[in-house]
Participant: 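Sharing a structure below in structure tokens format, with a few things to ask.
A, B, ... follow the sequence lines: proteins, then strands. Residue 1 opens every chain.
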Amino acid sequence: MIDASVASIFREHAAHLGKQVRVKGWVRTRRDSKAGLSFVQMSDGSCFDAFQVVAPNSLANYASEVAKLTAGCAVVAEGEIVPSQGKGQPVEMQASRIEVVGWVENPDTYPIQPKPHTFEYLREVAHLRPRTNTFGAIGRVRHCLAMAVHRFFHERGFFWIHTPIITGSDCEGAGQMFRVSTLDLANIPRTPEGTVDFSQDFFGRETHLTVSGQLNVETWACALSKVYTFGPTFRAENSNTARHLAEFWMIEPEIAFATLLEDAQLAEDLLKYMFRALLEERGDDLKFFADRIDKGCIARLEALVGASFERMDYGDGIRHLEAAIAKGRKFEFPVSWGCDLQSEHERYLTEELVGRPVILMNYPKDIKAFYMRMNDDGRTVAAMDILAPGIGEIVGGSQREERLDMLDRRLDEMKLDKDAYWWYRDLRRYGTVPHAGFGLGFERTVIYATGMANIRDAIPFPRTPKTCDF
RNA sequence: UCCCCUAUAGCUCAAUGGUAGAGCGGGCGGCUGUUAACCGCCAGGUUGCUGGUUCGAGUCCAGCUGGGGGAGCCA
């Protein structure tokens with residue numbers, strides 16, 4: 001008797017034929033035949049396909065237990081792997097023993113029925129939704145993409161840097177942050193001036209959850225040359241859209257001795273590597289997404305892996321938009337050089353004009369962050385966004401300002417406190433070097449790859465405004 | 001946070017201001033090497049919450065809460 005996953009049985013079914021095997025999993029459906037047997041469809045999550053166990057009524061517990069199995073029951077099935085007499089699977093198990101490990105106490109109210117459910121409903125039962133086809137597939141796709149990220153960087157000599165989750169600087173700039181505190185909210189200590197006395201807080205200062213590992217990882221890039229972070233990130237923005245989470249995962253590489261062009265190439269190579277891995281390793285799950293979620297998802301991935309991304313200067317993007325307007329294309333918001341592109345503008349460029357991901361580069365300095373490197377024209381910075389059809393911004397990156405005088409000028413312009421950035425400025429004083437990096441939203445990548453419509457269904461337990469269940 | 005839509009059985013949805021229904025799922029029975037199985041019967045509801053209009057509210061109105069779509073912010 002050997003223990004086997006469903007994936008291994010299907011992957012090497014010839015080798016398993018005739019063998020006594022033990023499989024453990026959860027029942028999807030049970031179909032009875034009065035020829036004296038039941039078909040128990042079970043899944044252990046190791047692959048997309050469920051496994052058919054044929055249970056003859058000669059089993060000791062057939063009438064008392066097997067015939068009463070319903071969706072969700074946990075079972076251990078033992079028996080011989082035989083060629084299937086029916087269609088739909090190459091092999092199946094002729095069971096000699098089925099042990100019911102865990103019953104479903106009330107089948108009538110088991111939340112996951114063998115029928116299509118809405119994703120909104122499944123979010124309310126997030127503890128059980130991984131047992132569905134869709135979320136099982138999402139889980140395996142996430143894993144595949146995450147492993148591909150680490151492989152990609154490892155193969156290229158990058159080091160994975162574990163930047164802090166808790167940050168003591170309020171200088172990260174990228175929007176609202178979650179406070180981290182052990183102070184008693186009902187009895188907040190005050191300074192003589194009446195403000196909150198954070199010196200009595202756990203860290204002796206005000207602290208928050210990170211909104212980006214970038215500033216920290218830049219320090220390691222200026223030592224180990226090629227580094228990246230891959231971890232959770234937190235934004236306290238009150239964003240209620242299908243593309244925003246309060247807690248999400250982000251990949252942020254940072255490369256020393258590099259310019260914006262190398263940064264953009266790295267982002268393109270990474271995305272292609274991730275999607276190639278997905279096409280090679282998760283064909284079963286992708287087929288499901290293509291069948292039931294988004295017809296074009298496999299073709300889209302194959303096209304993306306094979307074609308180079310469109311590179312476009314911000315100024316050219318504006319000119320394309322203005323040309324479209326001149327031809328009668330209507331937009332809700334006006335377009336002119338210097339304005340931040342609206343979602344509708346980004347969608348036009350990537351979905352209508354190009355039909356592929358677009359790398360938009362060299363944005364006006366006034367709409368970008370302080371740390372982005374000033375271009376020689378004095379009015380644009382070396383920033384790049386990658387816009388993907390159906391998603392919008394999937395990557396945001398830049399070459400960093402490595403010249404201290406230029407950085408200080410930008411900090412002053414934006415009225416930021418230079419002292420708060422003392423260690424970030426130190427990097428520019430001690431062996432400064434041109435460097436660049438970007439942030440890739442992991443869940444947005446999952447959405448893009450699978451065609452899932454809502455980012456809340458691309459992460460096991462979504463956190464969004466007013467929602468932190470489970 | 002703003003605009004729009006929405007909330008009915010375990011799930012997906014019906015129901016002109018007039019006795020709340022169907023399909024799926026569940027239970028029981030029948031049939032069948034079945035595969036979203038099929039056929040019959042049965043059970044299952046304070047119509048999201050609070051208030052209002054009305055002889056009468058699932059239906060109309062107000063507020064609240066949750067969900068969805070769009071926008072902003074961004075990954």
Participant: Taking CG from Leu122(A) and P from rG66(B), how many angstroms apart are they, rounded to a whole number?
Facilitator: 20 Å

Participant: State whether the distance check finds a donor on one side and an acceptor on the other, under 3.5 Å, for side chain Asn240(A) versus base rU1(B).
Facilitator: yes

Participant: Are any of Gln342(A)'s side-chain N or O atoms less than 4.0 Å away from OP1 or OP2 of rG72(B)?
Facilitator: yes

Participant: Using the C1' atom on both, measure rC13(B) against rU8(B) and round to a whole Å.
Facilitator: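 Here rC13(B) and rU8(B) have their C1' atoms 9 Å from each other.
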
Participant: Only pairs with both distances under 3.5 Å count, Watson-Crick or wobble alike; so what is the partner of rU59(B) in this structure?
Facilitator: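 Check on rU59(B): unpaired, no WC or wobble geometry under 3.5 Å.
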
Participant: In whole Å, I'd like the distance from the CZ atom of Phe331(A) to the C1' atom of rA71(B).
Facilitator: 16 Å

Participant: So, does the side chain of Gln113(A) form a donor-acceptor pair with the base of rG10(B) at under 3.5 Å?
Facilitator: yes

Participant: Is there a side-chain contact between Phe309(A) and Arg356(A) (heavy atoms, below 4.5 Å)?
Facilitator: no

Participant: Please tell me which of the listed nucleotides, rA71(B), rU1(B), rG33(B), lies nearest to the side chain of Gln85(A)?
Facilitator: rG33(B)

Participant: Just compare rC73(B), rG25(B), rG33(B) and give me whichever is closest to any side-chain atom of Phe39(A).
Facilitator: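 My answer, after comparing the listed nucleotides, is rG33(B).
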
Participant: Establish, from distance only, whether the side-chain atoms of Thr380(A) and Asn375(A) form a donor-acceptor pair under 3.5 Å.
Facilitator: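 Yes, side-chain donor-acceptor contact under 3.5 Å.
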
Participant: Would you say the base of rG33(B) and the side-chain of Glu92(A) have a donor-acceptor pair closer than 3.5 Å?
Facilitator: yes

Participant: Just name whichever nucleotide pairs with rC2(B), Watson-Crick or G-U, keeping both distances under 3.5 Å, else none.
Facilitator: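 Base partner found: rG70(B).
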
Participant: Answer yes or no: does a side-chain N or O of Asn454(A) lie under 4.0 Å from OP1 or OP2 of rG69(B)?
Facilitator: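 True: Asn454(A) side-chain N/O within range (under 4.0 Å) of rG69(B) OP1/OP2.
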
Participant: Pick the closest RNA chain B nucleotide for Pro83(A) and for Arg347(A) by heavy atoms, then say which residue is nearer the 5' end.
Facilitator: Pro83(A)

Participant: Hey, does the side-chain of His244(A) have a donor or acceptor N/O within less than 3.5 Å of a partner on the base of rC74(B)?
Facilitator: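 Side chain to base: pair found, below 3.5 Å.
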
Participant: Regarding Glu252(A), tell me which of base, sugar-phosphate or nothing describes its non-hydrogen contacts under 4.0 Å with the strands shown.
Facilitator: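 Since no nucleic acid heavy atom lies under 4.0 Å of Glu252(A), the category is nothing.
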
Participant: Does the side-chain ring of Tyr110(A) lie flat on the base of rG10(B), meaning centres under 5.5 Å and planes less than 30 degrees apart?
Facilitator: no

Participant: Report yes if the side chains of Thr464(A) and Asn240(A) come closer than 4.5 Å at any heavy-atom pair, otherwise no.
Facilitator: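 Thr464(A) does not reach Asn240(A) side chain to side chain.
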
Participant: Rounding to an integer number of Å, can you tell me how far Glu346(A) CD sits from rC74(B) P?
Facilitator: 10 Å

Participant: So what does Thr118(A) hit on the nucleic acid, given a heavy-atom distance under 4.0 Å: a base, only sugar-phosphate, or nothing?
Facilitator: sugar-phosphate

Participant: Would one find a side-chain N or O of Thr467(A) under 4.0 angstrom from OP1 or OP2 of rG67(B)?
Facilitator: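 Yes, because at least one side-chain N or O of Thr467(A) sits under 4.0 Å from OP1 or OP2 of rG67(B).
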
Participant: Any N or O donor-acceptor pair linking the side chain of Ser239(A) to the base of rC74(B) at under 3.5 Å?
Facilitator: no

Participant: Round to a whole Å and report the spacing from CE of Met177(A) to P of rC74(B).
Facilitator: 15 Å

Participant: With P as the reference atom in both, quote the distance from rA20(B) to rA15(B) in angstrom, rounded to an integer.
Facilitator: 16 Å

Participant: Taking atom C1' in both rG21(B) and rA37(B), what distance in whole Å separates the two?
Facilitator: 26 Å

Participant: So does Arg30(A) get a side-chain nitrogen or oxygen closer than 4.0 Å to the phosphate oxygens (OP1/OP2) of rU35(B)?
Facilitator: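 Checking rU35(B) against Arg30(A), no side-chain N or O comes under 4.0 Å of OP1 or OP2.
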
Participant: Write down the distance separating the C1' atoms in rG10(B) and rG45(B), rounded off to the nearest Å.
Facilitator: 12 Å

Participant: Which value, in whole Å, describes the distance between the P atoms of nucleotides rG18(B) and rG67(B)?
Facilitator: 32 Å

Participant: For Asp385(A) and rC73(B), what is the distance between atoms CG and C1' respectively, to the nearest whole Å?
Facilitator: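 Nearest whole value for this atom pair: 13 Å.
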
Participant: Does the cation-pi check pass for Arg300(A) over Tyr448(A), that is, NZ or CZ under 6.0 Å from the six-membered ring centre and within 45° of its axis?
Facilitator: yes

Participant: Quick one, Ser38(A) with Tyr62(A), criterion side-chain contact (heavy atoms from CB on, under 4.5 Å). Give me CA distance, side-chain angles, the key distance, then yes/no.
Facilitator: CA-CA 9 Å; Ser38(A) 288; Tyr62(A) 181 82; 2.7 Å; yes

Participant: What about Gln52(A): does its side chain form a donor-acceptor pair under 3.5 Å with the base of rU34(B)?
Facilitator: yes

Participant: In a check of side chain to side chain contact (heavy atoms under 4.5 Å, CB included) between Leu122(A) and each of Leu128(A), Ile112(A), Thr134(A), which one passes?
Facilitator: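 So, applying the side chain to side chain contact (heavy atoms under 4.5 Å, CB included) to Leu122(A) and each of Leu128(A), Ile112(A), Thr134(A), only Ile112(A) qualifies.
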
Participant: Is rA37(B) paired to anything, Watson-Crick or G-U wobble with both distances less than 3.5 Å, and if yes, which nucleotide?
Facilitator: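 Paired with rA37(B), as far as the under-3.5 Å criterion goes, is no nucleotide at all.
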
Participant: Using a cut-off of 4.0 Å on non-hydrogen atoms, how would the nucleic acid contact of Val395(A) be classed: base, sugar-phosphate, or nothing?
Facilitator: sugar-phosphate

Participant: Consider only side-chain N and O atoms of Tyr228(A) and Arg156(A), and report whether a donor and an acceptor are under 3.5 Å apart.
Facilitator: no

Participant: If you look at every strand shown and take non-hydrogen atoms under 4.0 Å, does Arg456(A) touch a base, only sugar-phosphate, or nothing?
Facilitator: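 Sugar-phosphate only.
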
Participant: Compute the centroid of each ring, for Tyr424(A) and then for Tyr371(A), and state whether the two points are separated by less than 6.0 Å.
Facilitator: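 When the ring centroids of Tyr424(A) and Tyr371(A) are compared, they turn out to be at least 6.0 Å apart.
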
Participant: Can you tell me which nucleotide in rU12(B), rG68(B), rG69(B) comes closest to the side chain of Lys115(A)?
Facilitator: rU12(B)

Participant: Rounded to whole Å, please give me the gap between CZ in Arg131(A) and P in rG10(B).
Facilitator: 20 Å

Participant: Under 4.0 angstrom, heavy atoms only, what part of the nucleic acid is Ile251(A) near: base, sugar-phosphate, or nothing?
Facilitator: nothing

Participant: For the C1' atoms, the ones on rC39(B) and on rU32(B), what distance do you get once it is rounded to whole angstrom?
Facilitator: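 Those two atoms are separated by 11 Å.
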
Participant: Between rA62(B) and rA14(B), how far apart are the C1' atoms? Round to whole Å, please.
Facilitator: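 Those two atoms are separated by 27 Å.
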
Participant: Applying side-chain contact (heavy atoms from CB on, under 4.5 Å) to Leu271(A) and Thr445(A), what does each step give before you reach the verdict?
Facilitator: CA-CA 8 Å; Leu271(A) 281 168; Thr445(A) 309; 4.2 Å; yes

Participant: Taking NZ from Lys87(A) and C1' from rU34(B), how many angstroms apart are they, rounded to a whole number?
Facilitator: 12 Å

Participant: Could you let me know what rA7(B) is paired to, Watson-Crick or G-U wobble, both distances under 3.5 Å, or none if it's on its own?
Facilitator: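 Here rA7(B) is engaged in a pair, and the nucleotide opposite it is rU65(B).
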
Participant: If rU54(B) has a Watson-Crick or G-U wobble mate with both distances under 3.5 Å, name it; if not, just say none.
Facilitator: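 Base partner found: none.
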
Participant: How about Phe230(A) and His150(A): are their ring centres within less than 6.0 Å of each other?
Facilitator: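 Centroid distance Phe230(A)-His150(A): below 6.0 Å, so yes.
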
Participant: Taking atom P of rG70(B) as reference, at what distance in whole Å does atom CZ of Phe333(A) sit?
Facilitator: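 Distance, rounded to whole Å: 15 Å.
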
Participant: Under 4.0 Å, counting only non-hydrogen atoms across every strand here, what does Glu344(A) touch: a base, just sugar-phosphate, or nothing?
Facilitator: nothing

Participant: Can you tell me the base-pairing partner of rA22(B)? Count Watson-Crick or G-U wobble geometry only, both distances below 3.5 Å, and say none if there is no partner.
Facilitator: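 With both distances under 3.5 Å, rA22(B) matches rU12(B).
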
Participant: Looking at rC38(B), does its base get a donor-acceptor pair with the side chain of Arg31(A) below 3.5 Å?
Facilitator: no

Participant: Tell me what Thr241(A) touches on the nucleic acid: a base, only sugar-phosphate, or nothing, going by heavy atoms under 4.0 Å.
Facilitator: base

Participant: Give a yes/no on whether any side-chain N or O of Arg235(A) is located under 4.0 angstrom from OP1 or OP2 of rC74(B).
Facilitator: no

Participant: For rA43(B) versus rG29(B), give the span between their C1' atoms, rounded off to a whole number of Å.
Facilitator: 15 Å

Participant: Return the 5'-most residue of the pair Ser343(A), Gly86(A) with respect to RNA chain B, ranking by each residue's nearest nucleotide.
Facilitator: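 Final value for this comparison: Gly86(A).
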
